[in-house]
2 protein chains.
Amino acid sequence: MSRGARERLLSSAVTLFRRSGIAGCGVAEILAHSGAGRGSIYTHFPGGKAELAEEAVRTSGQDLTDLITTVVDQQGLADGLHALIEYWRDMLRSTGYAESCPILSAALQNDATAAQRAAGDVFRDWHEALTGILRAEPATSDRADTLATLIIAAVEGAIALARGQHSLAPLDAVEAELAHLLGLAGE
Amino acid sequence: MSRGARERLLSSAVTLFRRSGIAGCGVAEILAHSGAGRGSIYTHFPGGKAELAEEAVRTSGQDLTDLITTVVDQQGLADGLHALIEYWRDMLRSTGYAESCPILSAALQNDATAAQRAAGDVFRDWHEALTGILRAEPATSDRADTLATLIIAAVEGAIALARGQHSLAPLDAVEAELAHLLGLAGE
DNA sequence: ACCGAGCTGTACCAATCGGTCTAGTGACGA
DNA sequence: TCGTCACTAGACCGATTGGTACAGCTCGGT
């Protein structure tokens with residue numbers, strides 16, 4: 001088929017995990033979505049669904065870490081935050097609130113231990129990246145650590161609220177409050 | 001058995017949804033945990049697992065709404081927020097980060113449409129309660145709506161972070177930042 | 001005491017779960 | 001050109017999924 005079955009499996013797994021979480025979608029579903037045969041999973045991911053899930057969380061998490069750093073580097077903190085929230089707004093809107101952050105779903109799945117640990121690692125990466133950025137700005141340098149956590153938690157929480165309420169209002173509100181907070185972060 | 005099978009089923013469902021989400025646990029598991037017979041589910045919840053899940057989300061959500069209002073009414077905004085976050089800290093700590101907020105899990109499950117909608121309604125209840133409280137205080141009255149959303153999103157997000165990282169640090173950080181924010185909310 | 005209605009426990013169902021196995025396919029090196 | 005070998009597709013597996021059917025029990029009303 002077109003490109004490596006491994007990549008297609010990972011890509012399909014990420015999409016379906018966005019939608020239904022790890023426990024919520026079956027191997028057969030991932031297979032059908034990716035067009036791969038059943039054998040392909042177990043040659044590329046000998047650990048089966050668990051290994052595929054962990055790898056899907058790690059790769060999609062890395063993509064998001066890259067997105068965070070590049071967007072903030074290019075556009076600065078305020079505009080970067082807007083762009084990141086817009087990213088989630090777009091995804092929720094275009095999928096009818098069906099897909100959102102796969103890391104968020106994985107973090108709550110305490111079957112799938114490996115995937116959950118991977119989600120924790122991804123959160124740590126985000127926190128590290130954001131802390132570095134916030135520490136570089138004088139206005140936020142002293143509370144960089146806790147501010148970074150607040151931003152991540154608020155955005156991920158807003159995604160959950162938006163998903164449940166089928167509304168973008170939580171993302172709008174969180175963006176406004178975070179912008180307000182960062183604007184006067186030095187007190 | 002001791003008390004009504006309906007209540008035991010709901011209570012067990014909430015516990016297991018805290019742990020594995022709706023998709024992550026089977027009817028057999030709920031049955032075993034509650035000690036009820038298989039038939040009991042379908043007499044009390046003719047809609048099957050979906051109806052049980054929706055009802056579990058609604059009742060546990062109502063309990064949490066009550067907790068929010070009473071705690072904040074009795075202890076005020078700052079101490080009330082501390083008590084609420086301590087509630088989640090206790091749950092995560094005492095269960096080894098295995099159990100957390102069932103509403104959060106339900107909001108991300110877009111199979112189980114009814115349960116997801118119920119989660120959205122619960123979030124709306126929380127938002128309404130918090131907005132009322134914040135509007136009553138002069139310091140937060142003008143931004144009450146967005147502040148309420150930020151608080152809910154940040155706390156729920158912090159729960160997800162804590163779950164993934166097996167650490168209470170996200171809850172500590174969010175509590176500190178929210179306390180700081182509410183302390184100078186008037187600017 | 002008796003009867004009837006409602007609840008409960010269990011056997012059973014098809015469908016699906018994740019995983020294994022293998023024959024066949026394709027590309028690549030000798 | 002042939003042989004090799006990693007990969008693939010799909011048949012197949014036992015276990016488990018959510019749901020149904022039903023027989024027996026318990027309890028309340030008369």
Side-chain angles (χ1 to χ4, degrees), chain A residues 1-17 19-57 102 105-106 108-118, chain B residues 1-17 19-57 102 105-106 108-118:
Chain A
M1 296 267 159
S2 51
R3 285 292 147 141
R6 189 187 145 92
E7 277 65 33
R8 283 184 297 127
L9 278 169
L10 278 174
S11 161
S12 291
V14 170
T15 299
L16 295 172
F17 290 168
R19 207 170 291 171
S20 327
I22 296 174
C25 81
V27 171
E29 206 175 341
I30 302 174
L31 257 26
H33 187 275
S34 70
R38 191 154 199 94
S40 301
I41 279 195
Y42 300 95
T43 58
H44 294 293
F45 306 95
K49 186 187 179 183
E51 187 177 341
L52 170 61
E54 179 185 358
E55 197 59 26
V57 169
S105 299
L108 300 173
Q109 285 289 340
N110 61 349
D111 343 304
T113 321
Q116 193 183 31
R117 192 190 340 264
Chain B
M1 299 269 160
S2 51
R3 284 295 149 144
R6 188 187 148 93
E7 276 66 34
R8 283 183 298 127
L9 279 169
L10 277 174
S11 160
S12 291
V14 170
T15 299
L16 294 171
F17 290 168
R19 206 172 291 172
S20 325
I22 296 174
C25 80
V27 171
E29 206 175 341
I30 301 173
L31 257 25
H33 186 275
S34 70
R38 192 158 197 91
S40 301
I41 279 194
Y42 299 95
T43 59
H44 294 292
F45 306 95
K49 185 187 180 183
E51 187 177 341
L52 170 60
E54 179 184 359
E55 197 57 28
V57 169
S105 299
L108 301 172
Q109 286 288 341
N110 62 349
D111 343 305
T113 320
Q116 193 183 32
R117 188 187 348 259

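The structure displayed is predicted, hence computed values, not measured ones. Here is how names work: the chains are called A, B, and so on, in the same order as the sequence lines, proteins then strands, and each is numbered from 1.
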N/O to N/O distances under 3.5 Å, protein versus nucleotides 23-26 of chain C:
none

Quick one: side chains of residues 41-48 of chain A, donor-acceptor pairs under 3.5 Å with protein atoms, not counting sequence neighbours, listed by atom name and distance.
| residue | atom | partner | partner atom | Å |
| --- | --- | --- | --- | --- |
| A/Thr43 | OG1 | A/Ser40 | O | 3.0 |

Report the residues that fulfil salt bridge (charged side-chain N to carboxylate O under 4.0 Å, His left out) with A/Arg117, sequence neighbours left out, ordered by chain and then residue number.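 With neighbours one apart ignored, the set is empty.
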Quick one: does B/Ser20's side chain have a donor or acceptor within less than 3.5 Å of a partner on B/Phe17's backbone?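 Answer holds: no.
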Exercise: identify the closest heavy-atom pair between [X] and [Y]:
| X | Y | value |
| --- | --- | --- |
| B/Leu9 | B/Ser34 | CD2-OG, 3.5 Å |
| A/Asp111 | A/Ala23 | OD2-CB, 4.2 Å |
| B/Ala114 | B/Glu54 | CB-OE1, 3.3 Å |

Can you give me the N/O atom pairs linking the protein to nucleotides 11-16 of chain C at distances under 3.5 Å, or say none if there are none?
none

Which residues pass the side chain to side chain contact (heavy atoms under 4.5 Å, CB included) test with A/Ala106, not counting sequence neighbours?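 By the side chain to side chain contact (heavy atoms under 4.5 Å, CB included) rule, A/Ala106 matches A/Ile22, A/Val57, A/Ala119.
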Sequence neighbours excluded, which residues qualify as side chain to side chain contact (heavy atoms under 4.5 Å, CB included) partners of B/Glu7?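 B/Glu7: no side chain to side chain contact (heavy atoms under 4.5 Å, CB included) contacts found.
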Separation of B/Ile30 CD1 from B/Ser11 OG (nearest 0.5 Å):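 If I round to the nearest 0.5 Å, the distance is 11.0 Å.
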By side chain to side chain donor-acceptor pair (under 3.5 Å), which residues pair with [X], not counting sequence neighbours?
| X | result |
| --- | --- |
| B/Glu55 | none |
| A/Arg6 | none |
| A/Ser12 | A/His33 |

Please enumerate all protein N or O atoms sitting under 3.5 Å from an N or O of nucleotides 22-25 of chain D, with distances to 0.1 Å.
none

Find the distance B/Glu51:CD to D/dG18:P and express it as a whole number of Å.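 My rounded result for the distance is 16 Å.
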d(NZ, B/Lys49; C1', C/dC17) in whole Å: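 Result: 13 Å.
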Which residues, if any, of residues 40-48 of chain A bring a heavy atom under 4.0 Å of DNA chain D?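 Contacts with DNA chain D under 4.0 Å: A/Ser40, A/Thr43, A/His44.
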Nucleic acid contacts of residues 19-31 of chain A, taken as heavy-atom distances under 4.0 Å to DNA chain D: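 Contacting residues: none.
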